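For clarity, every value in this text was computed on a predicted model and none was experimentally measured. No hydrogens, no waters, no symmetry mates; every other heavy atom, side chains included, goes into these values.
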Amino acid sequence: MSGPTIQLAGGSGRRIGGHHPCLIVAEIGQNHQGDVDIAKRMIDMAKRCGADCVKLQKSSLPDKFAGSALRRPYEGPHSWGATYGEHKAHLELSRSAYRELQEYAKQAGTRAASLVDILFTASAMDPVSAEFLEELDVPFVKVGSGDADNLPMISEIAGRGRPVVVSTGMQSLETVRRVYELVLRHTSQLALLQCTSAYPTPDEHVHLRVLQQYQQAFPRTVIGYSGHEQGTAITVAAVALGAKIVERHVTLDHSWRGSDHACSLEPAQLTALVSDIRRLELALGTPAKAVQPSEHACWLKLGKTVVARRELAAGCRLTAADLAVKVAEPKGWRPERLNQLVGRRLRTALQADDSVTDDVLEPEPERE
């Protein structure tokens with residue numbers, strides 16, 4: 001069975017899940033530093049590195065934060081303002097900027113000398129932003145871990161029928177089950193991502209085996225992984241365990257201001273991640289075990305065959321003591337069939353180390 005799939009919206013024609021390639025999402029988030037031009041550079045970088053999709057984070061600050069949170073003093077190396085509200089306002093791109101960036105992403109394929117553009121979407125950080133993303137006709141709406149238990153908002157998003165991708169950091173299995181059952185009442189277009197909301201995530205807190213638990217517990221949805229660890233190996237391993245969407249934060253420079261940069265991938269790392277995932281997908285292949293065409297040369301050189309252990313006369317009835325297994329030319333009977341040669345008569349004489357081939361054997365007597 002190929003497993004569940006999602007048909008992305010927005011006219012891309014792309015499906016994810018099943019036997020389709022893993023969707024690789026470059027999470028720009030707010031690593032654009034509040035600068036549209038930097039965001040464009042990051043879109044181009046993600047496309048050049050081979051990512052399928054870029055994602056930002058869209059907020060309506062009064063709808064995401066209470067006034068007390070926005071007024072809280074915010075000091076430190078990552079701050080863009082004296083209060084948390086000023087900090088977030090600096091990093092929040094306008095609706096017109098989103099439309100500009102969406103159009104820019106549509107032309108990414110042309111700039112990268114490719115026939116395929118890069119998908120553009122965002123996390124909806126509040127219901128107002130979710131409605132705006134619906135207006136943008138994004139391929140899917142992302143619900144971040146901070147809203148994975150925000151069932152009223154998830155219900156509202158799912159009710160529109162657009163694919164929903166939910167990260168599940170900071171949540172229990174029971175909460176994830178509620179999300180699963182809630183969304184499926186509205187639409188089958190759901191993906192659940194294993195995630196740990198720590199930036200960066202210690203390796204021992206990743207728990208990739210949750211992917212297997214999700215596959216068993218939630219069989220009607222696509223399963224993926226949103227990673228915040230350092231490096232790329234764990235994300236590649238997630239694909240080996242069945243993740244059909246992976247999402248990683250990206251940056252142009254780890255030294256930039258912002259707490260997400262520490263767990264983000266620079267261009268060379270993103271390129272390596274994409275390459276390793278695509279190689280892995282080829283290597284996963286199918287569960288059918290078979291001799292591969294590429295093995296033929298090795299078999300010709302090193303594959304063993306049944307040979308005469310010593311000089312044997314024509315008419316000799318073979319015993320196990322007459323036979324040995326060696327690398328020999330020409331190739332003859334395979335070693336696994338040696339016992340089937342016991343009792344057969346030789347048509348022609350053999351010297352020691354001669355291969356036992358069909359033409360040196362008398363025909364088998366017909367069985368009544």
Side-chain angles (χ1 to χ4, degrees), residues 1-8 15-25 27 52-53 55 123-124 140-151 153-155 157-158 163-249 263 273 276-277 280-281 283-287:
M1 296 179 64
S2 63
T5 62
I6 291 174
Q7 175 69 60
L8 295 183
R15 299 192 73 87
I16 55 177
H19 292 310
H20 300 284
C22 177
L23 185 79
I24 302 174
V25 180
E27 163 71 290
D52 301 300
C53 178
K55 187 177 77 66
S123 295
F140 62 89
V141 173
K142 173 71 189 299
V143 175
S145 294
D147 282 300
D149 59 354
N150 188 349
L151 299 186
M153 186 178 87
I154 292 173
S155 179
I157 293 171
V164 187
V165 177
V166 183
S167 279
T168 58
M170 304 181 291
Q171 309 302 329
S172 68
L173 182 65
E174 185 54 40
T175 297
V176 178
R177 190 181 306 281
R178 290 192 184 100
V179 172
Y180 174 75
E181 294 172 351
L182 172 65
V183 173
L184 290 183
R185 287 200 288 270
H186 297 283
T187 177
S188 63
Q189 305 297 288
L190 169 66
L192 294 172
L193 310 187
Q194 162 59 357
C195 176
T196 301
S197 299
Y199 306 83
T201 302
D203 293 352
E204 64 271 23
H205 292 171
V206 171
H207 297 296
L208 287 182
R209 288 194 176 96
V210 172
L211 292 167
Q212 297 168 313
Q213 182 185 53
Y214 279 8
Q215 289 164 344
Q216 294 176 357
F218 311 122
R220 295 171 58 193
T221 186
V222 173
I223 301 301
Y225 174 68
S226 177
H228 302 116
E229 74 280 0
Q230 293 178 317
T232 61
I234 288 173
T235 302
V236 176
V239 179
L241 287 174
K244 302 303 294 187
I245 307 174
V246 295
E247 175 185 279
R248 288 298 303 273
H249 286 259
C263 64
L273 176 66
D276 287 346
I277 287 175
L280 171 64
E281 288 175 325
L284 286 172
T286 74

Side-chain polar contacts of residues 144-151 - donor-acceptor pairs under 3.5 angstrom, sequence neighbours left out - could you list them?
from, atom 1, to, atom 2, distance (Å)
Ser145, OG, Gly169, N, 2.8
Asp147, OD1, Asn150, ND2, 3.0
Asn150, OD1, Met153, N, 3.4

So, for [X] and [Y], which heavy atoms are closest and what is the spacing to 0.1 Å?
| X | Y | result |
| --- | --- | --- |
| Leu208 | Ala237 | CD1-CB, 3.8 Å |
| Thr187 | Ala158 | CG2-O, 3.8 Å |
| His207 | Glu204 | NE2-O, 3.3 Å |

Does [Y] offer a backbone N or O that forms a donor-acceptor pair with the side chain of [X] under 3.5 Å?
| X | Y | value |
| --- | --- | --- |
| Gln194 | Val206 | yes |
| Gln212 | Leu241 | no |
| Ser123 | Val143 | no |

Between [atom1] on residue [X] and [atom2] on residue [Y], distance to nearest 0.5 Å:
| X | Y | atom1 | atom2 | answer |
| --- | --- | --- | --- | --- |
| Thr175 | Met170 | OG1 | CE | 11.5 Å |
| Leu273 | Leu280 | CG | CG | 10.5 Å |
| Lys142 | Ile245 | NZ | CD1 | 9.0 Å |
| Ser197 | Gln171 | OG | CD | 8.0 Å |
| Leu184 | Gln189 | CG | CD | 10.0 Å |
| Leu284 | Ile277 | CG | CD1 | 11.0 Å |

request  = List the steps and the verdict of side-chain contact (heavy atoms from CB on, under 4.5 Å) for Cys263 and Thr201.
outcome  = CA-CA 8 Å; Cys263 64; Thr201 302; over 6 Å; no
query = Hey, are the side chains of Val141 and Val164 touching, using non-hydrogen atoms and a 4.5 Å cut-off?
reply =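 Of all side-chain heavy-atom pairs linking Val164 with Val141, none is under 4.5 Å.
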query = Is the shortest heavy-atom distance from the side chain of Phe140 to the side chain of Ile16 under 4.5 Å?
reply =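 No; the side chains remain at least 4.5 Å from each other.
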Show me the donor-acceptor pairs within less than 3.5 Å that the side chains of residues 219-230 make with the rest of the protein, sequence neighbours left out.
from, atom 1, to, atom 2, distance (Å)
Thr221, OG1, Leu190, O, 2.4
Tyr225, OH, Glu229, OE1, 2.6
Ser226, OG, Glu247, OE2, 2.9
His228, ND1, Thr196, O, 3.0
Glu229, OE2, Thr235, N, 3.4
Glu229, OE2, Thr235, OG1, 2.7
Glu229, OE2, Arg248, NH1, 3.0
Gln230, NE2, Ala262, O, 3.4

Residue pair Gln213, Phe218: steps toward the side-chain contact (heavy atoms from CB on, under 4.5 Å) verdict = CA-CA 8 Å; Gln213 182 185 53; Phe218 311 122; over 6 Å; no
query = Given Lys244 and His20, is the side-chain contact (heavy atoms from CB on, under 4.5 Å) satisfied, shown in steps?
reply = CA-CA 8 Å; Lys244 302 303 294 187; His20 300 284; 5.6 Å; no
